[in-house]
Amino acid sequence: MPLVEISIEALERRAERGGLAGIPTKSEAGQRLNEADALAMLRCDDLALLGALADRARQRRWGRDAYYNVNIHINYTNWCNKFCSFCAFQRRPGDDGAYCLTPEQIHDQLKAANPEATEVHMVAGVWPALPYEYYLDICRAAKAARPDILVKAFTMVEVDQIVKTARKPLEEVLADLKEAGLDSMPGGGAEVFSERVRQELYPKKMGSERWIELARGIHHFGFKTNCTMLYGMTETLEERVDHLSQLRALQDETGGFQAYIPLAFHPANTELEHLPFPSAAERLRAVAVGRLFLDNVPHVKAYWVMLGLAVAQTALTMGADDLDGTVTQERIYHDAGAETPQALSREEIHHLIREADRVPVERDTLYRERRRFDEARSSRVGIPTAPSQPLAV
Ligand code: V47
């Protein structure tokens with residue numbers, strides 16, 4: 001029986017047993033959940049119930065659609081002076097494996113990359129000696145190689161450095177970046193907005209106030225961004241709730257976040273290697289709670305690179321409506337031990353989505369629909385039949 005036919009009374013009876021009394025009624029009525037509700041949901045081990053509630057909220061907004069895009073990741077440098085304990089990607093110039101791509105290299109990589117890609121996602125480490133022109137040049141290089149591609153680049157941490165390097169007001173920097181080809185921004189760099197955790201694990205990175213101030217300025221300027229939460233380090237559940245609450249409050253003010261992406265901490269090759277990778281249940285809970293609590297953020301992304309394919313696919317039935325994209329060449333999570341493939345083909349993404357009983361919808365960076373693949377298994381547009389074997393996870 002489809003979940004939509006389960007009565008509120010039945011959901012409430014079950015919610016009471018799971019410590020979530022009242023949450024189904026509020027959520028179904030479109031009433032905002034409060035911080036105590038969020039904490040109860042993060043503590044709740046009735047994942048099936050949470051998933052069902054989140055799925056109903058997703059379904060009211062997106063029906064059976066599940067989004068993805070055809071994208072390319074370019075992590076333009078791993079030089080970084082922030083030395084965050086959770087990061088396996090950072091290097092100092094001269095270290096083994098350290099690199100910084102020139103604009104020409106970025107141009108050439110994009111020329112050679114999947115011709116169907118509509119987005120390049122460029123994020124990297126922070127290195128103050130890189131000149132202001134470098135950031136403009138890499139946007140220009142991307143557009144020169146692929147005039148039709150949308151450039152989504154620079155987390156708030158990178159923007160903070162770019163503004164310092166430019167010695168100009170944020171608005172002028174954003175205008176320069178826009179002219180150079182920037183179209184939107186990703187969601188990273190927020191980590192978790194707890195001053196206690198920041199002092200312990202990433203003291204050189206800016207605090208939550210600056211992150212919020214930059215995001216506000218960027219949204220007011222007119223760029224859309226995403227938002228994230230890096231969870232599974234040493235933060236408490238209360239600190240996770242506070243983070244989500246701050247994101248929701250900013251979204252009420254600006255409406256500039258397109259998608260929320262819960263980022264599960266990958267400990268391999270980091271100073272926090274002793275910590276466990278969040279369990280599949282915890283990763284799914286993070287997706288479901290994101291959907292239910294962040295009622296004003298339209299999309300919840302199941303970023304398959306870090307969730308794993310099976311969990312990302314299941315997340316499509318527990319609140320997520322987006323799988324990110326084909327993601328060629330990602331480095332940040334793979335350096336931290338992610339065992340997911342380096343890229344997925346469009347066919348593999350369609351297969352994951354269809355097997356979750358959803359309809360693949362290709363979007364661009366700004367969530368404008370490009371193509372809907374609502375035919376059964378074979379395609380009108382030449383997409384081969386999905387593989388009959390389950391995908392490796
Ligand atoms: O800010 C770094 C996180 C972020 C690790 O907006 C780690 O569409 C887990 O934000 N384990 C960058 N996470 C990536 C990012 C992102 C990814 C995909 C899509 C979008 C989007 C944004 O990755 C960093 C940090 O929070 N991170 N190291 C790690 N070991």
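Position 1 is the first residue of the sequence, and the numbers go up from there.
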J.: Using side chain to side chain donor-acceptor pair (under 3.5 Å) as the criterion, list what pairs up with Arg14, not counting sequence neighbours.
T.: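 With neighbours one apart ignored, the set is Asp46.
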J.: Do the charged groups of Glu200 and Arg196 touch, with an N to O distance under 4.0 Å?
T.: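 Judged by the 4.0 Å cut-off on N to carboxylate O distance, Glu200 and Arg196 do form a salt bridge.
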J.: Show every ring-ring contact (aromatic ring centres under 6.0 Å, His included) that has at least one partner inside residues 179-205, sequence neighbours left out.
T.: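 The answer is Phe86-Tyr202, Phe193-Trp211, Phe193-His243.
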J.: Have a look at Leu344 and tell me which of Val327, Leu352, Leu323 forms a side-chain contact (heavy atoms from CB on, under 4.5 Å) with it.
T.: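 Single pass found, and it is Leu352.
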J.: Salt bridge between Arg60 and Glu28, side-chain N to carboxylate O under 4.0 Å?
T.: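 Salt bridge: yes.
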J.: Suppose we screen for side chain to side chain donor-acceptor pair (under 3.5 Å). Which residues come up paired with Arg210, at least two apart in sequence or across chains?
T.: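 Only Asp160, Glu213 meet the side chain to side chain donor-acceptor pair (under 3.5 Å) criterion with Arg210.
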J.: Just to verify, what does Phe221 make a ring pair (Phe, Tyr, Trp, His ring centres under 6.0 Å) with, not counting sequence neighbours?
T.: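 For Phe221, the residues satisfying ring pair (Phe, Tyr, Trp, His ring centres under 6.0 Å) (neighbours in sequence not counted) are Phe223.
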J.: Examine Arg363 relative to Tyr68 and say whether NZ or CZ is less than 6.0 Å from the centre of the six-membered ring and inside a 45° cone about the ring axis.
T.: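 No.
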J.: Tell me, with the steps shown, if Arg198 and Glu195 meet salt bridge (Lys or Arg N to Asp or Glu O under 4.0 Å).
T.: CA-CA 5 Å; Arg198 188 178 82 84; Glu195 187 53 22; 2.9 Å; yes
J.: Between Arg372 and Asp65, is there a side-chain N and carboxylate O pair less than 4.0 Å apart?
T.: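 So Arg372 pairs with Asp65 through a salt bridge.
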J.: Between Glu12 and Gly22 (side chain of the first, backbone of the second, donor and acceptor by atom type, cut-off under 3.5 Å), is there such a pair?
T.: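 Judged by distance alone, yes, a pair lies under 3.5 Å.
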J.: Taking Glu362 for its side chain and Asn69 for its backbone only, find out whether a donor-acceptor pair lies under 3.5 Å.
T.: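 Looks like no, no N/O pair under 3.5 Å.
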J.: Show every donor-acceptor pair shorter than 3.5 Å between a side-chain atom in residues 256-267 and any protein atom, with sequence neighbours excluded, or say none if there are none.
T.:
| from | atom 1 | to | atom 2 | distance (Å) |
| --- | --- | --- | --- | --- |
| Gln258 | NE2 | Thr365 | O | 3.3 |
| His266 | NE2 | Met306 | O | 3.1 |

J.: Between Thr326 and Arg346, is there a donor-acceptor pair closer than 3.5 Å when you use the side chain of the first and the backbone of the second?
T.: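 Answer holds: no.
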J.: Please collect all ring-ring contact (aromatic ring centres under 6.0 Å, His included) contacts where either partner lies in residues 17-52, sequence neighbours excluded, each pair once.
T.: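 Pairs touching residues 17-52 that pass the test: none.
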J.: Keeping Arg140 on the side-chain end and Gly181 on the backbone end, is there a donor-acceptor pair under 3.5 Å?
T.: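 Not confirmed, Arg140 side chain does not pair with Gly181 backbone.
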J.: Keeping to residues at least two apart or across chains, list the salt bridge (charged side-chain N to carboxylate O under 4.0 Å, His left out) pairs with something in residues 299-312.
T.: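 Those involving residues 299-312 are Lys301-Asp324.
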J.: Please determine if Lys143 and Asp183 form a salt bridge, counting it only when a charged side-chain N lies under 4.0 Å from a carboxylate O.
T.: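 The answer is yes: the pair qualifies as a salt bridge.
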J.: Tell me whether Glu355 contacts the main-chain N or O of His351 through its side chain, where contact means a donor paired with an acceptor under 3.5 Å.
T.: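 Flag not set: sc Glu355 to bb His351 has no pair under 3.5 Å.
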J.: Below 3.5 Å, can you tabulate the donor-acceptor pairs from side chains in residues 96-106 to any protein atom, sequence neighbours excluded?
T.:
| from | atom 1 | to | atom 2 | distance (Å) |
| --- | --- | --- | --- | --- |
| Tyr99 | OH | Asn75 | O | 2.5 |
| Thr102 | OG1 | Glu104 | N | 3.4 |
| Thr102 | OG1 | Glu104 | OE1 | 3.4 |
| Thr102 | OG1 | Gln105 | N | 3.0 |
| Thr102 | OG1 | Gln105 | OE1 | 3.4 |
| Gln105 | OE1 | Thr102 | N | 2.8 |

J.: Looking at Arg240 and Glu282, is there a salt bridge between them, counting it only when a charged N and a carboxylate O are closer than 4.0 Å?
T.: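 Looking at Glu282 and Arg240, the cut-off is met.
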J.: Is a salt bridge present between Glu191 and Lys205, judged by a nitrogen-to-oxygen distance below 4.0 Å?
T.: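 Result for this pair is yes, salt bridge flagged.
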J.: Of all residues at least two apart in sequence or in a different chain, which pass the side chain to side chain contact (heavy atoms under 4.5 Å, CB included) check with Pro169?
T.: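 Glu171, Glu172.
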J.: List the steps and the verdict of salt bridge (Lys or Arg N to Asp or Glu O under 4.0 Å) for Asp108 and Lys111.
T.: CA-CA 5 Å; Asp108 293 350; Lys111 274 269 182 211; over 6 Å; no
J.: According to side chain to side chain donor-acceptor pair (under 3.5 Å), who are the partners of Tyr67, at least two apart in sequence or on a separate chain?
T.: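 With neighbours one apart ignored, the set is empty.
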J.: Are Arg32 and Asp252 ion-paired here, with the side-chain N under 4.0 Å from a carboxylate O?
T.: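 A salt bridge is present here (some side-chain N lies under 4.0 Å from a carboxylate O).
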J.: Show your working on side chain to side chain donor-acceptor pair (under 3.5 Å) between Glu158 and Thr155 and close with a plain yes or no.
T.: CA-CA 5 Å; Glu158 290 157 274; Thr155 65; 3.0 Å; yes
J.: Could you note down all residue pairs passing ring-ring contact (aromatic ring centres under 6.0 Å, His included) where residues 11-59 supplies at least one of them, sequence neighbours left out?
T.: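 Residue pairs with at least one partner in residues 11-59: there are none.
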J.: Applying side chain to side chain donor-acceptor pair (under 3.5 Å), name anything that partners Thr165, two or more places apart in sequence or on another chain.
T.: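 Side chain to side chain donor-acceptor pair (under 3.5 Å) check on Thr165 returns Gln161.
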